[in-house]
Amino acid sequence: MEISTSTWMMIAFVIAMIFSIWKMYPFLVNRTLEDDDTGEDAHEYLVNHMHKVLQTCETTPDAKELHEKMVEHEEFDKERHWRFNLNKLHQLLHKHYVKYPHLSSIEDIHKEIKSNS
């Protein structure tokens, strides 16, 4: 039994395709990194942490003071949120304002947290 040239080409193509998929597989797997701070769980952690910090404040801080207090707080996870900066805080606040339209400033959040505690 003789195998034709087109059959050999098809076998070589299938083997090459299997080999290339095997080599590309590590790039296709989408795992969450340990220090990923872009997910929904990280967002909830930062919002809860912001609420804790605002609850301890007597007066309403501005964004820069709030950022400093959040980073300096003993419960802040510096390993996971090492990228947390003032810009990330502004994004966090903006998402918070969109989710709760009756809040439009840090002062509003602070008043609501103080009234609920």
Side-chain angles (χ1 to χ4, degrees):
M1 180 172 123
E2 190 173 310
I3 299 176
S4 68
T5 307
S6 61
T7 306
W8 281 114
M9 290 174 64
M10 182 58 88
I11 292 171
F13 172 76
V14 170
I15 291 172
M17 188 171 74
I18 291 171
F19 180 73
S20 22
I21 290 173
W22 175 65
K23 291 301 274 182
M24 288 188 331
Y25 179 74
F27 300 106
L28 300 176
V29 176
N30 199 6
R31 288 177 292 215
T32 305
L33 299 175
E34 290 179 17
D35 66 342
D36 182 25
D37 62 348
T38 58
E40 190 62 34
D41 59 334
H43 175 75
E44 287 300 318
Y45 168 81
L46 289 171
V47 168
N48 291 334
H49 185 66
M50 177 180 67
H51 288 175
K52 285 180 191 175
V53 170
L54 284 173
Q55 197 168 21
T56 62
C57 294
E58 293 299 321
T59 61
T60 305
D62 64 350
K64 189 172 183 178
E65 290 174 20
L66 178 61
H67 173 260
E68 290 171 0
K69 288 181 180 185
M70 285 178 70
V71 172
E72 292 170 359
H73 196 270
E74 66 268 359
E75 293 180 17
F76 185 71
D77 187 4
K78 292 181 182 177
E79 296 287 322
R80 184 171 183 195
H81 298 283
W82 61 273
R83 291 183 211 89
F84 185 69
N85 57 20
L86 193 56
N87 186 38
K88 291 253 185 197
L89 177 62
H90 286 298
Q91 292 173 5
L92 179 77
L93 289 169
H94 184 66
K95 285 182 184 178
H96 197 67
Y97 301 148
V98 169
K99 188 174 182 180
Y100 301 102
H102 65 284
L103 302 173
S104 61
S105 67
I106 297 174
E107 185 176 355
D108 293 342
I109 298 170
H110 186 247
K111 285 179 184 176
E112 184 172 287
I113 290 171
K114 285 293 190 178
S115 67
N116 290 340
S117 60

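Since the model is a prediction, treat every value here as computed from it, not as a measurement. All residue numbers in this chain count up from 1 along the given sequence.
- We find the CG-NE2 distance between L86 and H67 to be 6.0 Å, quoted to the nearest 0.5 Å.
- For the atom pair S105 OG and L103 CG, the distance stands at 8.0 Å (nearest 0.5 Å).
- Under a cut-off of 6.0 angstrom, the local environment of CD in E58 is sparse, with at most 12 non-hydrogen atoms contributed by other residues, nucleotides or ligands.
- Across all their heavy atoms, L46 and M70 have their closest contact at O-CE, 3.8 Å.
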Donor-acceptor pairs are to be reported for all side-chain atoms of residues 87-98 against protein atoms at under 3.5 Å, with residues two or more places apart or in another chain.
{"from": "Y97", "atom 1": "OH", "to": "I106", "atom 2": "N", "distance (Å)": "3.3"}

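- Here the side chains of N116 and Q55 are not in contact, with every heavy-atom distance at 4.5 Å or above.
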Between K99 and E40, does the salt bridge (charged side-chain N to carboxylate O under 4.0 Å, His left out) criterion hold? Intermediate values first, please. CA-CA 13 Å; K99 188 174 182 180; E40 190 62 34; 5.5 Å; no
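- Partners of H73 under the side chain to side chain contact (heavy atoms under 4.5 Å, CB included) rule, at least two apart in sequence or in another chain, are H49, V53, E75.
- Under a 3.5 Å cut-off, the side chain of K114 and the backbone N or O of L54 do not form any donor-acceptor pair.
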Please report, to 0.1 Å, the donor-acceptor pairs under 3.5 Å made by any side chain of residues 8-25, with sequence neighbours excluded.
{"from": "S20", "atom 1": "OG", "to": "A16", "atom 2": "O", "distance (Å)": "2.6"}
{"from": "S20", "atom 1": "OG", "to": "M17", "atom 2": "O", "distance (Å)": "3.2"}

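- Under a 3.5 Å cut-off, the side chain of H110 and the backbone N or O of C57 do form a donor-acceptor pair.
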For E112 and Y100, run side chain to side chain contact (heavy atoms under 4.5 Å, CB included): C-alpha distance rounded to whole Å, both residues' side-chain angles, the deciding distance at 0.1 Å, then the answer. CA-CA 11 Å; E112 184 172 287; Y100 301 102; 5.7 Å; no
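- F76 and Y45 make their closest contact through CA-OH, 3.4 Å (heavy atoms, listed as atom of the first residue, atom of the second, distance).
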